[in-house]
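Below, chains carry the letters A, B, ... as their sequence lines are ordered, and counting in each starts from 1.
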Amino acid sequence: MSEKIKTVRGFRDLIGEEARKYRFVVEKIRNILEKNNFEEIILPTVEYTKLFTRSIGDATDIVEKEMFTFQDKGGRDIALRPEGTAGVVRAYIENKLYADGTYKKLYYEGSMFRHERPQKGRYREFHQVGAEVLGTINPLADAEIIKIADDILKTLQIEATIEINSLGCKKCRPKYREALINYLRQHREELCEDCQRRLEKNPLRILDCKVETCKVIAQKAPKITDYLCDECKTHYRQVKEYLKALNVEFVENPYLVRGLDYYSKTVFECVSKELGKTVIAGGRYDYLVEELGGPPTPALGFAAGVERLMLLVKELPPKKPLVFIIPFGGEKEKIEALKIAEKLRQEGIRTELSYREGKLKKQFEYAAKIGADFAVVVGENELQSGKFPLKNLHTREQKILTLEEIIQTLKNLS
RNA sequence: GCGGUGGUAGCUCAGCCGGUAGAGCAGGGGACUGUGGAUCCCCGGGUCGCGGGUUCGAGUCCCGUCCACCGCCCCA
């Protein structure tokens with residue numbers, strides 16, 4: 001025997017019920033987005049590495065150590081996409097979607113790749129459904145994007161807290177950053193090792209530190225919301241007003257910062273209580289289009305983590321009733337059973353023809369085992385009389401019916 | 001990337017102080033030749049994650065490695 005080949009670490013198969021759950025989650029989200037008049041954009045899985053280093057930020061963990069990168073045969077630096085927004089923005093610029101003066105609402109779906117330590121709800125290949133609105137600064141868009149996230153959670157019957165914050169803009173964020181660093185420097189010695197390192201590189205992250213002593217320090221730190229410029233302040237206030245008008249429940253979290261560099265103004269996260277993890281997150285990125293070479297274009301969006309949502313979906317809608325057709329006898333009966341199975345399928349009835357040979361007892365055991373709801377025996381007597389026993393495998397009741405009557409009975413159920 | 005726990009039959013797991021692998025469930029067949037989940041009987045099934053070391057002898061001890069899970073980091 002040769003060596004067993006297994007999946008690559010952090011990659012996995014989704015089989016049967018798991019695949020069904022995946023489709024269920026993705027379809028629900030797609031429906032909501034279509035209803036909001038978002039158009040689908042199907043993006044490449046691979047982009048030039050530079051796209052991600054420039055958009056996500058080259059000091060972030062994602063770029064520093066989590067990207068799957070390689071060189072193609074022409075020596076070009078290529079990366080498996082670690083997230084979707086950068087690709088959407090690249091496509092927006094490359095295809096000049098800004099040219100007609102309308103704003104664009106796009107959504108995508110697919111695999112993302114991050115070379116991290118795998119855990120439950122965290123894989124090296126994972127899936128996101130994301131939506132982006134490009135070309136508007138209107139806070140109505142912020143509110144609607146968050147409302148869509150809320151709608152996804154409600155539709156999937158998932159309990160999560162929507163946390164929001166504003167990170168300010170080019171005008172006000174530097175002032176806040178300075179104030180924050182000044183404050184934190186006074187407490188440098190009390191900060192954990194990681195945070196001491198973050199102090200110069202990414203001080204905002206310290207606000208999000210889980211270490212108890214850092215939390216205490218963070219709580220007394222200046223809040224970004226006190227430093228917002230008039231424009232950002234108004235924007236943030238409007239977003240909150242609109243959310244209230246939509247009856248979207250949210251909590252303000254002044255310590256909410258995001259791991260990607262490109263965010264500005266509104267950011268939000270939907271945190272599952274059960275998982276303690278973020279399942280949907282997003283925000284504004286008003287400078288990204290310009291930084292990637294497009295015209296100045298405010299934009300925003302979110303990404304939903306399919307695997308994490310799957311962990312929280314407890315029940316799937318039932319499948320259509322399944323009929324198990326049992327040929328009983330010889331070749332003649334098999335051929336008739338084959339034709340009957342095909343006829344039922346043409347009527348839209350989920351049908352399985354038994355490939356098993358042998359006793360009826362075994363056939364019925366098999367039917368129950370594969371989860372069939374009904375069984376029909378096709379034997380010599382049936383073919384002579386033109387009537388077949390339709391057995392309900394749950395109640396064990398059996399009715400003798402013509403094929404037409406069987407079809408009607410089953411169609412009425414599904 | 002760091003720390004921890006674990007990997008034995010399809011599944012859940014037992015296996016002492018090192019002595020050549022076991023249970024339950026599942027599967028196949030029969031008791032019962034045209035109607036299932038009960039009962040009883042029989043049967044098959046394993047490179048003990050992988051590689052090396054110690055030993056007369058390793059599932060068991062040691063080292064390495066892979067994988068899963070938990071925590072950290074980070075993130076959807």
Side-chain angles (χ1 to χ4, degrees), chain A residues 1-12 25 29 56 59-67 81-85 109-130 149 152 160 192-195 197-198 202 205 208-211 257-260 268-272 275-282 301-312 324 326-329 333 354 356 358-382 388-398 400:
Chain A
M1 278 291 271
S2 45
E3 184 193 351
K4 269 186 207 156
I5 298 176
K6 302 194 290 186
T7 52
V8 174
R9 178 158 151 94
F11 291 69
R12 60 180 193 149
V25 169
I29 301 173
I56 300 168
T60 58
D61 276 33
I62 292 178
V63 163
E64 265 186 356
K65 49 188 197 195
E66 293 174 5
M67 274 211 287
R81 60 180 179 191
E83 57 108 41
T85 301
E109 173 224 319
S111 296
M112 305 296 159
F113 303 85
R114 288 182 201 171
H115 199 271
E116 306 176 271
R117 181 80 111 195
Q119 266 174 48
K120 190 187 284 185
R122 183 166 106 182
Y123 305 96
R124 289 185 173 178
E125 179 184 20
F126 61 104
H127 299 80
Q128 290 186 332
V129 184
I152 291 168
C192 72
E193 226 175 279
D194 285 326
C195 284
R197 198 161 29 88
R198 287 175 181 138
N202 195 353
R205 283 228 64 85
D208 208 26
C209 186
K210 311 287 185 296
V211 177
V257 295
R258 309 283 342 280
L260 290 66
F268 74 99
E269 282 188 16
C270 306
V271 183
S272 154
L275 242 48
K277 281 177 178 160
T278 301
V279 293
I280 304 175
F302 72 79
V306 178
E307 280 77 2
R308 288 187 181 179
L309 292 170
M310 281 169 69
L311 287 174
L312 298 166
F324 192 65
I326 303 168
F328 190 71
E333 286 77 17
S354 177
R356 284 214 134 197
K359 294 179 187 170
L360 276 186
K361 179 182 164 77
K362 293 292 168 191
Q363 297 276 17
F364 277 91
E365 280 175 3
Y366 194 78
K369 193 171 170 187
I370 65 167
D373 300 289
F374 295 92
V376 174
V377 176
V378 180
E380 197 186 348
N381 300 344
E382 286 76 8
F388 304 83
L390 175 69
K391 182 166 183 177
N392 181 319
L393 294 170
H394 304 293
T395 64
R396 301 192 179 207
E397 285 172 71
Q398 185 168 283
I400 309 295

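- Atom C1' of B/G10 sits at a distance of 12 Å from the matching atom of B/G46, rounded to the whole Å.
- A cation-pi arrangement, defined by a distance under 6.0 Å to the six-membered ring centre and an angle within 45 degrees of its axis, is present between A/Arg12 and A/Tyr123.
- In this structure, the side chains of A/Lys65 and A/His115 stay at 4.5 Å or more apart for every pair of heavy atoms.
- A/Phe324 places its CZ atom 11 Å from the C1' atom of B/G36, with the value rounded to the nearest Å.
- Not counting sequence neighbours, the partners of A/Thr7 by the side-chain contact (heavy atoms from CB on, under 4.5 Å) test are A/Asp13.
- When the P atom is used for both B/G6 and B/G49, the distance is 13 Å, rounded to whole Å.
- Listed by chain and residue number, A/Met112, A/Arg114, A/Gln128, A/Glu307 satisfy the side-chain contact (heavy atoms from CB on, under 4.5 Å) test with A/Phe126 (two or more places apart in sequence, or in another chain).
- For B/A68, the paired base is B/U5 (Watson-Crick or G-U wobble, both distances below 3.5 Å).
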Output a table of nitrogen or oxygen pairs between the protein and nucleotides 25-34 of chain B separated by less than 3.5 Å.
unit_1	atom_1	unit_2	atom_2	d
B/G27	OP1	A/Lys369	NZ	3.2
B/G28	OP1	A/Arg356	NH2	2.9
B/A31	OP2	A/Lys359	NZ	3.2
B/G34	O6	A/Asn381	N	3.3
B/G34	O6	A/Asn381	OD1	3.3
B/G34	O6	A/Asn381	ND2	2.8
B/G34	N1	A/Glu382	OE1	3.1
B/G34	N1	A/Glu382	OE2	3.1
B/G34	N2	A/Glu382	OE2	2.3

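- With a 3.5 Å ceiling on both atom-pair distances, B/C17 lacks any Watson-Crick or G-U wobble partner.
- Residues A/Gly305 and A/His115 both approach RNA chain B. Their nearest nucleotides, taken by heavy-atom distance, put A/His115 toward the 5′ side.
- Not counting sequence neighbours, the partners of A/Glu333 by the side-chain contact (heavy atoms from CB on, under 4.5 Å) test are A/Glu380, A/Leu383.
- In this structure, A/Ala367 reaches neither bases nor backbone, as no heavy-atom distance under 4.0 Å exists between it and the strands shown.
- Taking the ring axis of A/Phe374 as reference, the NZ or CZ atom of A/Lys391 does not stay both within 45° of it and closer than 6.0 Å to the ring centre.
- With a cut-off of 3.5 Å on both Watson-Crick or G-U wobble distances, the partner of B/G27 is given as B/C43.
- In this structure, A/Phe302 and A/Phe268 have perpendicular ring planes: the angle between them is above 60°, well past the 30° mark.
- Legend: residues meeting side-chain contact (heavy atoms from CB on, under 4.5 Å) with A/Ile400, ordered by chain and number and at least two apart, are A/Lys387, A/Pro389, A/Gln398.
- In this model, no side-chain donor or acceptor of A/Gln363 finds a partner on the base of B/U35 within 3.5 Å.
- Residue contacts for A/Glu66: at a heavy-atom cut-off of 4.0 Å it reaches the sugar-phosphate backbone alone, with no base atom in range.
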Review item, nucleotides 66-70 of chain B N/O atoms under 3.5 Å of protein N/O:
unit_1	atom_1	unit_2	atom_2	d
B/C67	OP2	A/Arg9	NE	3.4
B/A68	OP1	A/Gly10	N	3.1
B/A68	OP2	A/Arg9	NH1	2.8
B/C70	OP2	A/Lys120	N	2.7

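- In this structure, B/G59 forms no base pair with any nucleotide, since neither Watson-Crick nor G-U wobble geometry is met with both distances under 3.5 Å.
- Contacts of A/Ile326 with the nucleic acid, taken as non-hydrogen atoms under 4.0 Å apart, are absent.
- For the C1' atoms, the distance linking B/G51 with B/U47 amounts to 13 Å, nearest Å.
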